[in-house]
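Residue numbering restarts at 1 for every chain, and letters A, B, ... go by the order of the sequence lines.
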There are 2 protein chains.
Amino acid sequence: MQLVPALNAPPDVYLANCPCRSVLDLLADKWSALALGALVDGPLRFGEVKRRLEGISPKVLTAVLRRLEEHGLVDRTVYPAVPLHVEYALTELGRDANAPLDALRRWVEANIERFP
Amino acid sequence: MQLVPALNAPPDVYLANCPCRSVLDLLADKWSALALGALVDGPLRFGEVKRRLEGISPKVLTAVLRRLEEHGLVDRTVYPAVPLHVEYALTELGRDANAPLDALRRWVEANIERFP
DNA sequence: CTGCATGGTATCCGAAGGGAACCAACTTCC
DNA sequence: GGAAGTTGGTTCCCTTCGGATACCATGCAG
């Protein structure tokens, strides 16, 4: 057995070019954090997500969900019925990503009184 | 002892008007999350923070630090020497807020390979 | 024919993000 | 006496993003 010198640096969100940076940019976002949390109890339709994320506009919600889908955190399924039925569900990666975000949401709720 | 009906609803980040929402907006932000993490090992000067947060522009860094200061997460101390010396330090609230953000940063670094 | 529900687009606007240049004050070097 | 360096920003400009509002296609109910 032989020790091999590290060929690639370990991932570091503080480095501008690390892929971590773009993932942090995706997750460290108000609407993404809320959307992942909304989907954790099961798939939701577009309108249901919109109602849970009080105050989001449909345009921004579309963008957020599409971005989460692109990065493999959310699955989008279309049921071609009338009226149109579209479901958004967390992937396994999405469920895992939700854990630290859930901690953040809970910390905020638990400590809101401490803020000036 | 008497049970008092809840006068105010419990804090809920999913409600548009809850103060939690604006705090989440503050913390669920790429640069804020990185800045708090940079300061956790002790106070840093403006230039030091800027070097750690690779890629941030001075304008945005000023805005981020001011915002964190406004919300009581960071203290800004000016030492009127030449050259000017300004230090940014976490408050206790800032240190506590950093905990869930640290978990998020670590999760991203640990799971970056799973992203498509 | 009118209205309603769904899952979005289209449009417009102001705010925010990012790059580059610049600045004031004082020290040190030449 | 100048020129350059250091620090902590600010200013300008331009592009992008976020948010509000309006609108659309499809088909069903009444």
Side-chain angles (χ1 to χ4, degrees), chain A residues 13-18 21-36 38-39 42-71 74-89, chain B residues 13-18 21-36 38-39 42-71 74-89:
Chain A
V13 287
Y14 284 90
L15 301 178
N17 299 339
C18 179
R21 186 58 82 75
S22 54
V23 170
L24 183 69
D25 198 25
L26 171 70
L27 296 180
D29 168 79
K30 178 182 48 170
W31 293 127
S32 297
L34 291 173
L36 291 177
L39 294 173
L44 293 179
R45 307 176 64 164
F46 184 88
E48 294 172 325
V49 180
K50 183 161 155 27
R51 276 186 291 277
R52 297 209 184 188
L53 273 57
E54 222 183 49
I56 196 171
S57 74
K59 178 185 131 181
V60 172
L61 181 56
T62 302
V64 166
L65 291 173
R66 293 271 203 278
R67 212 152 80 101
L68 292 173
E69 191 194 0
E70 267 176 40
H71 287 81
V74 161
D75 273 338
R76 179 174 183 269
T77 311
V78 181
Y79 298 92
V82 165
L84 191 54
H85 186 112
V86 179
E87 268 191 6
Y88 293 90
Chain B
V13 287
Y14 283 92
L15 300 178
N17 299 340
C18 179
R21 186 58 83 74
S22 54
V23 170
L24 183 69
D25 198 25
L26 171 71
L27 296 179
D29 168 79
K30 177 182 51 170
W31 292 127
S32 296
L34 290 172
L36 291 178
L39 294 174
L44 293 179
R45 307 177 63 166
F46 184 88
E48 294 172 324
V49 180
K50 181 162 157 25
R51 275 187 292 277
R52 297 207 185 190
L53 274 57
E54 223 184 48
I56 196 171
S57 74
K59 177 185 134 182
V60 173
L61 180 56
T62 303
V64 167
L65 290 173
R66 292 270 203 279
R67 216 165 137 227
L68 292 173
E69 192 194 1
E70 268 177 40
H71 286 81
V74 161
D75 273 337
R76 179 173 183 269
T77 311
V78 179
Y79 300 92
V82 167
L84 191 54
H85 186 115
V86 179
E87 269 192 3
Y88 294 91

**Student:** Quick one: F46(A) CZ to dC24(D) P, roughly how many Å, whole number?
**Tutor:** 18 Å
**Student:** Taking salt bridge (Lys or Arg N to Asp or Glu O under 4.0 Å) as the cut-off, I'd like each qualifying pair that reaches into residues 50-64 of chain A, sequence neighbours left out, listed once.
**Tutor:**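 Checked against salt bridge (Lys or Arg N to Asp or Glu O under 4.0 Å) - neighbours excluded - no pair reaches residues 50-64 of chain A.
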**Student:** Given atom CG of L65(A) and atom P of dG18(D), what is their separation to the nearest angstrom?
**Tutor:**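 Interatomic distance, CG of L65(A) to P of dG18(D): 14 Å.
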**Student:** Return the orientation label for the Y88(B) and F46(B) ring planes: parallel under 30°, perpendicular over 60°, tilted otherwise.
**Tutor:**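 Tilted, since the angle between the ring planes falls between 30° and 60°.
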**Student:** Residues of residues 22-31 of chain A with any non-hydrogen atom less than 4.0 angstrom from an atom of DNA chain D: list those, numerically ordered, please.
**Tutor:** K30(A), W31(A)
**Student:** Without decimals, in angstroms, what is the distance between I56(B) CD1 and dA20(C) P?
**Tutor:**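 Result: 16 Å.
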**Student:** Using whole Å, what does the distance between atom C1' of nucleotide dG8(C) and atom NE2 of H85(A) come to?
**Tutor:**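 After rounding, the reported distance stands at 15 Å.
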**Student:** For E48(A) and dT6(C), what is the distance between atoms CD and P respectively, to the nearest whole Å?
**Tutor:** 9 Å
**Student:** May I ask you to verify if any side-chain N or O of Y79(B) is less than 4.0 angstrom from the OP1 or OP2 atom of dG8(D)?
**Tutor:**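 Answer is no, no contact under 4.0 Å.
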**Student:** Can you tell me if the side-chain N/O atoms of R51(A) get under 4.0 Å from OP1 or OP2 in dG7(C)?
**Tutor:**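 R51(A) to dG7(C) OP1/OP2: no side-chain N or O under 4.0 Å.
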**Student:** Measuring from atom CZ of R21(A) to atom NZ of K30(B), what distance do you get when rounded to the nearest 0.5 angstrom?
**Tutor:**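 The distance works out to 6.5 Å.
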**Student:** Side chain of V86(A) only, please: which of dA22(D), dT6(D), dG7(C) is the nearest?
**Tutor:**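 Looking only at side-chain atoms, V86(A) lies closest to dG7(C).
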**Student:** How many angstroms lie between OG1 in T62(A) and CD1 in I56(A), if you round to the nearest 0.5 Å?
**Tutor:** 8.5 Å
**Student:** Which whole-number value in Å describes the distance from E69(A) CD to dG7(C) P?
**Tutor:**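 Going from CD in E69(A) over to P in dG7(C) covers 15 Å.
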**Student:** Does R45(B) make a side-chain N or O approach to OP1 or OP2 of dT7(D) shorter than 4.0 Å?
**Tutor:** no
**Student:** Report the distance from atom OH of Y88(A) to atom P of dG7(C), rounded to the nearest whole Å.
**Tutor:** 8 Å
**Student:** Hey, could you give me the CG/CG distance between L34(B) and D25(A), rounded to the nearest 0.5 Å?
**Tutor:**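 If I round to the nearest 0.5 Å, the distance is 9.5 Å.
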**Student:** Measure from the side-chain heavy atoms of L84(A) and tell me the nearest of dG7(C), dG8(D), dA22(D).
**Tutor:** dG7(C)
**Student:** Any idea which of dG19(C), dG18(D), dT21(D) is nearest the S57(B) side chain?
**Tutor:**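 Nearest to the side-chain atoms of S57(B), counting from C-beta on, is dG19(C).
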**Student:** Once you round it to whole Å, what is the distance between C1' of dG18(C) and CG of L53(B)?
**Tutor:** 15 Å
**Student:** Under 4.0 Å between a side-chain N/O of R66(B) and OP1 or OP2 of dT10(D), yes or no?
**Tutor:** yes
**Student:** Could you give the distance from CG (L36(B)) to CG (L26(B)), rounded to the nearest 0.5 Å?
**Tutor:**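 It is 7.5 Å, given to the nearest 0.5 Å.
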**Student:** Looking at CG of L65(A) and CG of D75(A), how far apart are the two atoms once the value is rounded to the nearest 0.5 Å?
**Tutor:** 12.0 Å
**Student:** Considering heavy-atom distances to DNA chain C, does R76(A) or K59(A) have its closest nucleotide positioned more toward the 5' end?
**Tutor:** R76(A)
